[in-house]
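Some notes on the structure that comes next.
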Amino acid sequence: MSSHSFWYASSPTISKPLANVEDSRLKTWLIGIAGWLIALIVFFPIFWIAITAFKTEQGAYSPDLIFKPTLESFREVFARSNYKAYLLNSIYVSLGSTLLCFLIAIPAAYRMAFFPTPKTAGTLVWMMSTKMMPAVGVLLPVYLLFRTAGLLDSVWGLIFIYTLLNLPIAVWMTFTYFCEVPGAILEAARVDGASLMGELRDVLAPMSLPGISSTALLLIILSWNEAFWSINLTSAKAAPLTVFIASYSSPEGLFWAKLSAASLLAVAPIMVMGWLSQKQLVSGLTFGAVK
């Protein structure tokens, strides 16, 4: 071997990039493995609910993955409960509270994003701090207020309470997206004679559409999954799917197969919606992250 070839093979300028490439590949593999492990851990409860729903009540306690599937639990669930009524209540409450949230959050976020005051930051922090309060701490006064106002077991009552629950998140996220819009564009629109509604409709809405869409999806999911208030403020007429699931817990015990079937029927619509809109959700949540 010549001295030139020996120097070429042992040169640090050649081996260093190779080592960096190997380190980069190892990191990529490790990140990929970690991602799959996290995904499996998150998905496992859904998978277990799904297979338990197709077992008999006696077989629901068995960890067997190989079994003869049956629709017995689904038939009993549909025979016992009016699934359609629960589903419609969940749709009405989720969409209604999301719409009402935006009717309040968009003007508030617009004011704080483009006309901030020294107290704007403190107001935003105070709004989010209300999410840290335990719901059970205000259950009694809220229950008494709802009873006085005739909102118990009412779809409008759930829309109202869900709006109050999700409003801080709606304001924060909408405020963040509005801050990404250059103020010069709004000034140009005002020079051209645009009104306040014109600014919101023709300038802010199109430019913030990915962020607003992802916020709407998040609010719908949060409303759909809310259980504490729906269980305590409704009984039959306005009960959403969370109450539908809870009805399969009784003093006699838990009927795991029927409970799993009810849970699968309750989470399936929102999961399908999430899968179909995941691209919009991700693009909205990363809106403005890279400039």
**Item:** Between D153 and T234: side-chain donor-acceptor atoms closer than 3.5 Å
**Value:** no

**Message:** I'd like to check P269 versus V272 (side-chain heavy atoms, cut-off strictly below 4.5 Å). Are they in contact?
**Reply:** no

**Prompt:** So do the side chains of E226 and V93 get within less than 4.5 Å of each other, counting heavy atoms only?
**Reply:** no

**Message:** I'd like to know if the side chain of S208 reaches the main chain of G211, judged simply by a donor and an acceptor atom lying under 3.5 Å from each other, with no hydrogens or angles considered.
**Reply:** no

**Pairwise side-chain contact, I46 with V267, heavy-atom cut-off 4.5 Å (strictly under)** = no

**Message:** For the backbone of S94 and the side chain of W224, can you confirm whether one donor and one acceptor N or O come within less than 3.5 Å of each other?
**Reply:** no

**Prompt:** Taking a hydrophobic cluster as the set of Ile, Leu, Val, Met, Phe, Trp and Tyr residues connected by side-chain heavy atoms closer than 4.5 Å, whether directly or through intermediates, do V138 and I231 fall within one such cluster?
**Reply:** no

**Message:** For a 4.5 angstrom cut-off between non-hydrogen side-chain atoms, does L218 reach M173?
**Reply:** yes

**Prompt:** Within the side chain of S81, is there an N or O that forms a donor-acceptor pair under 3.5 Å with the backbone of Y83?
**Reply:** no

**Message:** With a 3.5 Å distance limit and no angle check, can you tell me whether T130 reaches the backbone of M127 through a side-chain donor-acceptor pair?
**Reply:** yes

**Prompt:** Closest heavy-atom contact between S230 and V243?
**Reply:** O-CG2, 3.5 Å

**Prompt:** Taking atom CD1 of I106 and atom OG1 of T174, what is their separation to the nearest 0.5 Å?
**Reply:** 6.0 Å

**Prompt:** Quick one: CD1 on I169 to CE on M128, what's the gap to the nearest 0.5 Å?
**Reply:** 5.5 Å

**Prompt:** Between atom OG1 of T215 and atom CZ of F102, what is the distance when rounded to the nearest 0.5 Å?
**Reply:** 5.0 Å

Side chains of residues 36-44: which donor-acceptor partners sit under 3.5 Å, not counting sequence neighbours?
none

**Request:** Not counting sequence neighbours, list each pair that qualifies as a side-chain hydrogen bond (donor to acceptor under 3.5 Å, both in side chains) and has a residue in residues 100-121.
**Result:** Y110-E199, T117-T120

**Item:** Pair S223, S97: side-chain N/O donor-acceptor within cut-off below 3.5 Å
**Value:** yes

**Message:** Just so I know, are the side chains of L222 and L165 near enough to count as touching, which here means a heavy-atom distance under 4.5 Å?
**Reply:** no

**Asked** Should L145 and I161 be regarded as members of a common hydrophobic cluster, given that ILVMFWY residues are connected when their side-chain heavy atoms come within less than 4.5 Å of each other, either directly or indirectly?
**Response** no

**Message:** Is it the case that atom NZ in K237 sees more than 12 heavy atoms from other parts of the structure closer than 6.0 Å?
**Reply:** no

**Request:** Determine whether more than 12 heavy atoms belonging to other residues, nucleotides or ligands lie under 6.0 Å from atom CZ of R80.
**Result:** yes

**Prompt:** What closest approach, in Å, do I245 and S263 show between heavy atoms, and which atom pair accounts for it?
**Reply:** CG2-OG, 3.6 Å

**Prompt:** Which of parallel (below 30°), tilted (30 to 60°) and perpendicular (above 60°) describes F244 and Y86?
**Reply:** tilted

**Asked** What is the minimum heavy-atom distance between T52 and W256, and which atoms define it?
**Response** CG2-O, 4.0 Å

**Prompt:** Is it true that atom CZ of F175 has more than 12 heavy atoms of other residues, nucleotides or ligands lying nearer than 6.0 Å?
**Reply:** yes

**Heavy-atom closest contact (V181 atom, F114 atom, distance)** = O-CE2, 3.8 Å

**Request:** Determine the minimum heavy-atom distance between S73 and K258, stating which atoms define it.
**Result:** OG-N, 3.9 Å

**Request:** First locate atom CG of L100, then atom CG of N166, and finally report the distance between them rounded to the nearest 0.5 Å.
**Result:** 10.5 Å

**Ring center gap for F74 and F54 short of 6.0 angstrom** = yes

**Asked** Any idea which heavy atoms bring Y177 and S214 closest together, and the distance?
**Response** OH-OG, 3.2 Å

**Asked** Hey, what do you get for CG (L88) to CG (L241), rounding to the nearest 0.5 Å?
**Response** 9.5 Å

**Fill in**
So CG of L219 and CG of L167: to nearest 0.5 Å the spacing works out to 9.0 Å

